[in-house]
There are 2 protein chains.
Amino acid sequence: MGANFTLERQNVRPVAVGNHALLRDLPGDGAVRPGDGIGSLERLAGLMHFKRNQMIFSESDPAAQVYRVQSGCVRLTRLTPDGRRQITSFLHAGDWFGFEWFSVYGVNAEAVSDVCVQSVPRRVLDRLIREDAHVAGYFHELLASRFAQAQDQLMVLGRHTARERVAGFLLSLANRLSAGGGMLELAMGRQDIADHLGLTIETVCRVLHDLRKQRLVSVPDIHRLGILNAEGLATLVEGAAMQAEAA
Amino acid sequence: MGANFTLERQNVRPVAVGNHALLRDLPGDGAVRPGDGIGSLERLAGLMHFKRNQMIFSESDPAAQVYRVQSGCVRLTRLTPDGRRQITSFLHAGDWFGFEWFSVYGVNAEAVSDVCVQSVPRRVLDRLIREDAHVAGYFHELLASRFAQAQDQLMVLGRHTARERVAGFLLSLANRLSAGGGMLELAMGRQDIADHLGLTIETVCRVLHDLRKQRLVSVPDIHRLGILNAEGLATLVEGAAMQAEAA
DNA sequence: CGGATCTTTGACTCGTCTCAATGCGCGTGG
DNA sequence: CCACGCGCATTGAGACGAGTCAAAGATCCG
């Protein structure tokens, strides 16, 4: 069970390529014009790059920065003392993260692929939230929708079978990446999928194999997946028991 | 797997014993004094009673009211189309609920025991949040801590064994009800515990049996449980693999 | 007291995990 | 340019934890 992931806290610190380092010491918080909304946040953000599997922050770090994915894919993970891993979510372009927690990030954030993220000091965000009700509302909604996602995931982990989990995951990914009838980019490896769904890598492989055999999906290569029959997958998810099993 | 719970939406509407019905039509929102903080909310709250297993709201209801448990225990649940149930959380005296969602309650709320709850119209809460930064911050933190709880539960459902789940649940309950070295009130039945932990009722029974045999807990009667060895339970939870198995 | 509901226990099944071997793709260095 | 090694994915065989089904207690409440 779990991962025994070999990355373990390789504290290679990222290359700051934006104005992040500058921002930290600027008196220029005053540059944030209240009422300017989210825009000013984005303008204040520094840019950083992380390479595949590099750690962005660890769960015990003080939550000093808030991040936003600009490109690539980020995973949020938790570990048990004995190394079992749970990936609580995958983040894609446009997603904020690190804002959900107060004193300390409660999760590890790692780059799934090479990523580019924006970062804003927590202090700046807090100030903006205090001064601009619009920003406050925005982040409140963000938190609420993150909470809703977590609730969905609880249902999945608590009550869905392996097949339902994988089918649901693929559909939600297709939805998130709005890959209509087309091809999905699977930025994450099989182990990551397994750790997100509370399964083992072998089970994920076997389920994918079955789905392919049933012509619900195609797997042209490891990191691409085509959804051939979204309705079929949806039926799988919705606990309709399913009988069609043959190839 | 799951519950096939026989309660199914018995839409017995609750007896409103407070000023809740009045509040709905009062012009008296003006009575809320900004800066008065949470206090004014509680003063505006109506009181309601619900009997065991009575539904407080259903997941598809518009989220028109926000609630707070005054006494008793409430469960928040979700159902799959085929009847599998997941209890996302149990709420006790002092806990707010129903505020996490915007348009529609995303969960069913039901009385585990006979309960007494306060309720406040969503409209009133929203207004107070807009006018009083203190209240806004309070509910933001509430949401954040609810989110953190959900994260914990993800770890449990995704990566913990049956024994770890039950042990962890008992400890968190003991913690919540601050029953120091003493006796826990188990307001919820075995099926509820199972549906909270992603197990079956039989598995919960068997694990409790084992824990009793190992003298980690005592079970004087169905609704009471004594924690005899909190450290032992904690060891179980922390994935330390455990070897002691004999009686 | 009697029936309904919930809990406990047992015997057996089954889905998923574990362990192990093999395959594949890709980057590196000879 | 190819051989090698490394990391990941796949596949198979067998084990095991938790689920299912069934029957026998408890408990609750009228």
Side-chain angles (χ1 to χ4, degrees), chain A residues 1-8 10 51-53 82-85 112-113 156-166 186-195 197-213 217 219-225 236 239 241-242 245, chain B residues 1-8 10 51-53 82-85 112-114 156-167 186-195 197-213 217 219-225 236 239 241-242 245:
Chain A
M1 181 186 287
N4 284 328
F5 199 55
T6 52
L7 167 65
E8 42 200 349
Q10 56 172 81
K51 287 186 307 184
R52 202 165 82 86
N53 285 342
D82 64 345
R84 286 172 278 175
R85 185 174 72 148
V112 170
S113 54
V156 170
L157 296 180
R159 289 305 183 200
H160 283 187
T161 64
R163 167 174 302 239
E164 291 167 343
R165 295 181 201 200
V166 173
L186 297 182
M188 65 292 294
R190 301 291 189 264
Q191 181 69 67
D192 281 351
I193 298 176
D195 285 346
L197 299 178
L199 301 171
T200 59
I201 186 175
E202 293 95 332
T203 299
V204 171
C205 282
R206 283 189 256 266
V207 170
L208 283 175
H209 180 89
D210 291 350
L211 295 181
R212 195 163 50 72
K213 219 172 53 180
V217 304
V219 189
D221 81 277
I222 306 289
H223 293 285
R224 289 183 166 280
L225 184 141
L236 267 190
M242 276 289 79
E245 202 73 34
Chain B
M1 182 184 287
N4 284 327
F5 198 53
T6 52
L7 165 66
E8 41 199 349
Q10 57 171 77
K51 287 185 307 185
R52 202 164 81 87
N53 284 342
D82 66 345
R84 285 172 280 175
R85 186 173 71 149
V112 169
S113 54
D114 292 0
V156 171
L157 295 181
R159 291 304 184 201
H160 284 189
T161 64
R163 168 175 301 240
E164 290 167 343
R165 295 181 201 200
V166 173
L186 297 181
M188 66 294 292
R190 301 290 189 267
Q191 181 69 66
D192 281 351
I193 296 176
D195 285 346
L197 299 179
L199 301 171
T200 60
I201 186 176
E202 293 94 332
T203 298
V204 171
C205 283
R206 281 188 258 265
V207 170
L208 283 176
H209 180 88
D210 291 351
L211 294 181
R212 195 163 49 73
K213 219 172 51 180
V217 304
V219 189
D221 81 277
I222 306 288
H223 294 286
R224 289 183 167 280
L225 183 140
L236 267 189
M242 277 288 79
E245 201 72 35

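The analysis underlying the following values was restricted to heavy atoms, covering all of them including side chains, and did not include hydrogens, waters or symmetry mates. It should be emphasised that the depicted structure is a prediction, and the values quoted were computed from it without experimental measurement. Order of the sequence lines sets the chain letters (A, B, ...), proteins ahead of strands, with each chain counted from 1.
- Annotation: the terminal axes of the helix from dC1(C)-dG30(D) to dG30(C)-dC1(D) meet at 30°, where each axis is the rotation carrying the C1' atoms of four end pairs onto the next four (5 pairs per end, rounded to 10°).
- Atom CE of Met188(B) is separated from atom C1' of dT7(C) by 16 Å (rounded to the nearest Å).
- Nearest heavy-atom pair across Glu164(B) and Leu236(B) is CG-O, 3.2 Å.
- When all heavy atoms of Arg52(B) and Val112(B) are compared, the closest pair comes out as CG-O, 3.1 Å.
- Leu208(B) places a side-chain heavy atom less than 4.5 Å from the side chain of Leu225(B).
- Here dA18(D) is the nucleotide among dA18(D), dC8(D), dT16(C) with the atom lying nearest to any side-chain atom of Leu199(B).
- Of all non-hydrogen atoms in Ala162(B) and Thr203(B), the two that sit nearest each other are CB-CG2, 3.7 Å.
- If you check distances only, the side chain of Arg206(A) does reach the base of dG12(D) with a donor-acceptor pair under 3.5 Å.
- Each of Val204(B) and Ile222(A) was matched to the nucleotide of DNA chain C holding its nearest heavy atom; the match closer to the 5' end belongs to Val204(B).
- Distance CG (Asp195(B)) to C1' (dG19(D)): 14 Å, rounded to an integer number of Å.
- Whole-Å rounding puts the Leu197(B) CG to dA18(D) C1' distance at 13 Å.
- Checking side-chain atoms of Arg190(A) against main-chain N and O of Glu202(A) turns up no donor-acceptor pair under 3.5 Å.
- By the salt bridge (Lys or Arg N to Asp or Glu O under 4.0 Å) test, Arg212(B) pairs with no residue at all, sequence neighbours left out.
- Residue Leu225(B) contributes atom CG, which lies 14 Å from atom C1' of dT7(C) at whole-angstrom precision.
- Atom NE2 in His223(B) sits roughly 8 Å away from atom C1' in dC6(C) (whole-Å rounding).
- Side chain Arg212(B) to base dT7(C): no donor-acceptor pair is found below 3.5 Å.
- Within the 4.0 Å cut-off from OP1 or OP2 of dT11(D), at least one side-chain nitrogen or oxygen of His209(A) is found.
- Side chain of Ala162(A), nearest nucleotide from dT8(C), dT16(C), dA20(C): dT16(C).
- Distance, Arg159(A) CZ to dA18(D) P: 13 Å, rounded to whole Å.
- Within the 3.5 Å criterion, the main-chain N or O of Arg84(A) finds no donor-acceptor partner in the side chain of Arg159(B).
- Atoms CD (Glu202(A)) and C1' (dG14(D)) sit 13 Å apart, rounded to a whole Å.
- The shortest distance between the side-chain N/O atoms of Thr200(B) and the OP1/OP2 oxygens of dG19(D) is below 4.0 Å.
- Taking atom CG of Leu211(B) as the reference point, atom C1' of dT8(C) lies 15 Å away to the nearest angstrom.
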